[in-house]
Number of protein chains: 2
Amino acid sequence: MTDFKTILQHKDLKATHQRLVILEELEKAKHIDIDKLYNLVISSCPTLSKATLYRNLNELVSKDIITEVKVANQKNMYETTKLPHIHLICKKCGSIEDEVIDTTFLLNEVSKHRNFQIEASSISLSGICEKCLTKV
Amino acid sequence: MTDFKTILQHKDLKATHQRLVILEELEKAKHIDIDKLYNLVISSCPTLSKATLYRNLNELVSKDIITEVKVANQKNMYETTKLPHIHLICKKCGSIEDEVIDTTFLLNEVSKHRNFQIEASSISLSGICEKCLTKV
DNA sequence: CTGACTGCAAACGTTTTGCACGGTA
DNA sequence: TACCGTGCAAAACGTTTGCAGTCAG
């Protein structure tokens, strides 16, 4: 299990009970929106207010401990920051899967045509996931 | 200049003055958020209400005449629907450039590892644009 | 002429903020 | 103990909706 207490302290954030619960639920859920996360969090921490959840998600995003994932037709999702990966988003069931993939080829292709200094990439593919394909 | 009147009629939408102005400003601006678009549109169409702008953007997105672009740390942007392309987003000045690029290699790579039926892709690279690089 | 569209204002849901209290380091 | 973080309630914000009037086809 990830040691979020140390991570928080390294980023000059206090390791409060609320923050630890938020991060643990986020880690378990992989990708989740605010409302679903709120419902999970209040079972371990019933007094937590939505204001605190909003404040912490913003804080954690700005310190790059978690990442905001924007998806068409869905609310903003959050995930704990991991190695670079792409998202496979199912149009049927809305699930999001991670896939680690080498994007060097793509980035080189862009660099060949453009004088643009790439620092990060965000790639998502939408379509039908394996589960929904077999359901048809 | 794109013939938006015909495009609208083909999609069973009336070619109102408001819609044509919205589409023309969108075409000129390339990528733009609602508030900036509103300010442009009211100079050609001073009575246009934000409700109408919202309603039309949703309508035009659902008919695939325009496309919603989600970008980290920025409001939703809109562009007229064009051939598939990727976005180069500058972290310094916030500009968005389009780049048409062959993504077959990437998509094949995913198909090799996953049983996921890809229908669309959304790729954006963030970094520093040419203009900002020379400014340093 | 008629249904689709618009403008206005009010409603709505989401996110942020001010303030007093509480908990971490 | 000092100050960052929290909870609550209210405010601010962005977006949607109901309705009566207007306009494109």
Side-chain angles (χ1 to χ4, degrees), chain A residues 3-26 32-63 65-78, chain B residues 3-26 32-63 65-78:
Chain A
D3 179 10
F4 290 118
K5 191 169 176 190
T6 307
I7 294 178
L8 288 170
Q9 288 167 343
H10 273 74
K11 303 266 185 171
D12 294 314
L13 296 175
K14 298 205 167 175
T16 63
H17 178 55
Q18 289 86 337
R19 281 181 183 153
L20 293 172
V21 171
I22 291 170
L23 287 169
E24 277 153 24
E25 291 297 341
L26 218 36
I32 192 168
D33 67 50
I34 287 217
D35 289 326
K36 293 206 185 73
L37 178 58
Y38 180 70
N39 290 329
L40 292 177
V41 165
I42 52 172
S43 51
S44 314
C45 188
T47 63
L48 185 131
S49 71
K50 266 202 172 163
T52 297
L53 183 54
Y54 276 106
R55 269 189 290 235
N56 276 321
L57 289 179
N58 289 340
E59 191 73 47
L60 294 168
V61 166
S62 77
K63 300 267 171 149
I65 298 171
I66 67 175
T67 304
E68 198 176 45
V69 184
K70 295 195 170 201
V71 176
N73 311 316
Q74 291 192 40
K75 286 192 251 181
N76 285 348
M77 311 283 275
Y78 294 88
Chain B
D3 180 10
F4 290 118
K5 192 170 177 190
T6 307
I7 294 178
L8 287 169
Q9 289 166 344
H10 274 74
K11 303 266 184 170
D12 293 314
L13 296 175
K14 297 206 167 176
T16 63
H17 177 54
Q18 289 86 336
R19 281 182 182 151
L20 292 172
V21 171
I22 290 169
L23 286 168
E24 277 154 25
E25 291 297 340
L26 218 38
I32 192 168
D33 66 52
I34 287 217
D35 289 327
K36 292 207 187 72
L37 178 58
Y38 181 69
N39 289 330
L40 292 177
V41 165
I42 53 172
S43 53
S44 312
C45 189
T47 63
L48 185 130
S49 71
K50 266 200 172 166
T52 297
L53 183 54
Y54 276 105
R55 270 190 289 235
N56 276 321
L57 289 179
N58 289 340
E59 191 73 47
L60 294 168
V61 166
S62 77
K63 299 268 170 145
I65 298 172
I66 68 176
T67 304
E68 197 176 45
V69 184
K70 295 197 170 203
V71 176
N73 312 315
Q74 291 192 41
K75 286 190 249 180
N76 285 349
M77 311 284 274
Y78 294 88

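Order of the sequence lines sets the chain letters (A, B, ...), proteins ahead of strands, with each chain counted from 1.
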For the residue pair A:Asn39 and A:Ile42, what are the closest heavy atoms and their distance?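 In terms of heavy atoms, the two residues are closest at O-CG1, 3.4 Å.
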Sub-4.5 Å side-chain heavy-atom contact between [X] and [Y]:
X: A:Leu60; Y: A:Leu26; result: no
X: A:Thr6; Y: A:His10; result: yes
X: A:Asn56; Y: A:Leu23; result: no
X: B:Leu57; Y: B:Tyr78; result: yes
X: B:Ile22; Y: B:Ile66; result: no
X: B:Phe4; Y: B:Arg19; result: no
X: B:Asp35; Y: B:Lys50; result: yes

Answer yes or no: are there more than 12 heavy-atom neighbours, outside B:Lys5 itself, under 6.0 Å from its atom NZ?
->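 Incorrect, the count does not exceed 12.
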When rounded to the nearest 0.5 angstrom, what distance separates [atom1] in [X] from [atom2] in [Y]?
X: A:Tyr38; Y: A:Ser49; atom1: OH; atom2: OG; result: 7.0 Å
X: A:Lys70; Y: B:Gln74; atom1: NZ; atom2: CD; result: 8.5 Å
X: B:Ile32; Y: B:Lys75; atom1: CD1; atom2: NZ; result: 10.5 Å
X: B:Leu8; Y: B:Lys63; atom1: CG; atom2: NZ; result: 10.0 Å
X: B:Met77; Y: B:Glu68; atom1: CE; atom2: CD; result: 11.5 Å
X: B:Ile65; Y: B:Glu59; atom1: CD1; atom2: CD; result: 8.5 Å

To the nearest Å, how far apart are [X] [atom1] and [N] [atom2]?
X: B:Asn56; N: C:dT6; atom1: CG; atom2: C1'; answer: 9 Å
X: B:Tyr54; N: C:dG7; atom1: OH; atom2: P; answer: 15 Å
X: A:Asn76; N: C:dT14; atom1: CG; atom2: P; answer: 13 Å
X: B:Leu60; N: C:dT6; atom1: CG; atom2: C1'; answer: 14 Å
X: A:Lys50; N: C:dT14; atom1: NZ; atom2: P; answer: 7 Å

Chain B reaches DNA chain D, atoms under 4.0 Å from its heavy atoms, from D:dG14 to D:dG25
Within residues 65-74 of chain A, the residues having a heavy atom closer than 4.0 Å to DNA chain D are none
Within residues 33-44 of chain B, those residues having any heavy atom closer than 4.0 Å to DNA chain D are none
Sorted by chain and residue number, the side-chain contact (heavy atoms from CB on, under 4.5 Å) partners of A:Ser44 (sequence neighbours excluded) come out as A:Val21, A:Glu25
Here the residues of residues 14-21 of chain A within 4.0 Å heavy-atom distance, strictly under, of DNA chain C are A:Lys14, A:Ala15
| If only side-chain N and O atoms of A:Asn58 are considered, is one of them under 4.0 Å from the OP1 or OP2 phosphate oxygen of C:dT16? |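 Checking C:dT16 against A:Asn58, a side-chain N or O does come within under 4.0 Å of OP1 or OP2.
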Review item, nucleotides 17-22 of chain C N/O atoms under 3.5 Å of protein N/O:
{"from": "C:dG18", "atom 1": "O6", "to": "A:Arg55", "atom 2": "NH1", "distance (Å)": "3.4"}

